[in-house]
Amino acid sequence: MSLVAPTLQSFFTDRLLRQRQVSPRTIAAYRDSLRLLLTWVHDTKRIQPHRLDWADLDAGTVTAFLDHLEQKRNNTARTRNLRLTAIRSLFSYASLSHPEHAELIQRVLAIPAKRYDRTLVCFLSPAEVDARLRLLRAQPGADT
């Protein structure tokens, strides 16, 4: 058995459930993200998930996976960053159990989130609200 499998299991049972007491939705999102990563590694490197070692999940591999999400799966930068958050959380947890892989883990943790444009939420000023209400009241059939 690889070093990844028991760490992955304890990450969900010990770290997420017991220590952090995260919601079922968070667990499902992390599960889906890590499942996508393991499936992608299996498909591209032909390594069975139960045979994965930490060296198989280096920063180059994780970055290529994140690129795949955007280019092939048409995920937005926001979705890519959410997947990266799940991966970082796992690697942060793994750093405590596997100090022998500290350099590899640090490189994965250093992968930056991708910047994206946020939709600007605009609100009406009080004068604009008054003007809008006047316009609505002026329409035929509007209740006054």
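Keep in mind that what you see is a predicted model, and the values were worked out from it rather than measured.
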Contacts of T76 that satisfy side-chain contact (heavy atoms from CB on, under 4.5 Å) - sequence neighbours left out: R78, T79
Check whether any side-chain heavy atom of F65 sits under 4.5 Å from a side-chain heavy atom of T44, and report yes or no. no
Quick one: are V108 and L57 in side-chain contact, heavy atoms under 4.5 Å? no
Any pair counted as salt bridge (Lys or Arg N to Asp or Glu O under 4.0 Å), so long as it reaches residues 91-102, sequence neighbours left out: none
I'd like to know if the side chain of T13 and the backbone of Q9 have a donor-acceptor N/O pair within less than 3.5 Å. yes
How would you list, by chain and number, every residue that makes a salt bridge (charged side-chain N to carboxylate O under 4.0 Å, His left out) with D58, sequence neighbours excluded? none
Residues forming a ring pair (Phe, Tyr, Trp, His ring centres under 6.0 Å) with H42, sequence neighbours excluded: none
Going by side chain to side chain donor-acceptor pair (under 3.5 Å), name the residues that satisfy it together with R25, two or more places apart in sequence or in a different chain. none
Listed by chain and number, what are the side chain to side chain donor-acceptor pair (under 3.5 Å) partners of R107, not counting sequence neighbours? E103
In this structure, CG of L8 is separated from CG of L52 (nearest 0.5 Å) by 9.5 Å
Residues that T85 engages under side-chain contact (heavy atoms from CB on, under 4.5 Å), provided they are two or more places apart: Y30
Heavy-atom distance under 4.5 Å between the side chains of E70 and L66, does that happen here? no
Would you give the length of the straight line joining atom OG of S10 to atom CG of L17, rounded to the nearest 0.5 angstrom? 11.5 Å
One should read off an interatomic distance between L90 CG and F12 CZ, to the nearest 0.5 angstrom, of 7.5 Å
Determine whether D56 and T61 make a side-chain contact, defined as any pair of heavy atoms from C-beta on separated by less than 4.5 Å. no
With R15, which residues qualify under side chain to side chain donor-acceptor pair (under 3.5 Å), at least two apart? Q19
For residues 33-40, run the donor-acceptor check on the side chains, cut-off 3.5 Å, and write out each pair with its distance to 0.1 Å, sequence neighbours left out.
{"unit_1": "S33", "atom_1": "OG", "unit_2": "A29", "atom_2": "O", "d": "3.0"}
{"unit_1": "S33", "atom_1": "OG", "unit_2": "R83", "atom_2": "NH1", "d": "3.0"}
{"unit_1": "T39", "atom_1": "OG1", "unit_2": "R35", "atom_2": "O", "d": "2.8"}

Fellow cluster residues of L124, listed by chain then number, with links counted only when side-chain atoms sit under 4.5 Å apart: V129, L133
T7: side-chain contact (heavy atoms from CB on, under 4.5 Å) partners, not counting sequence neighbours: W54, Y93, A94, H98
Counting only heavy atoms not in R20 (residues, nucleotides, ligands), do more than 12 fall under 6.0 Å from its CZ? no
What residues, two or more places apart in sequence or in another chain, satisfy side chain to side chain donor-acceptor pair (under 3.5 Å) together with T26? S23
Hey, does the side chain of K114 reach the backbone of R80 with a donor-acceptor pair shorter than 3.5 angstrom? no
Interatomic distance, L82 atom CG to D32 atom CG [nearest 0.5 angstrom]: 12.0 Å
To the nearest 0.5 angstrom, please state how far the CG atom of L3 sits from the OG atom of S97. 10.0 Å
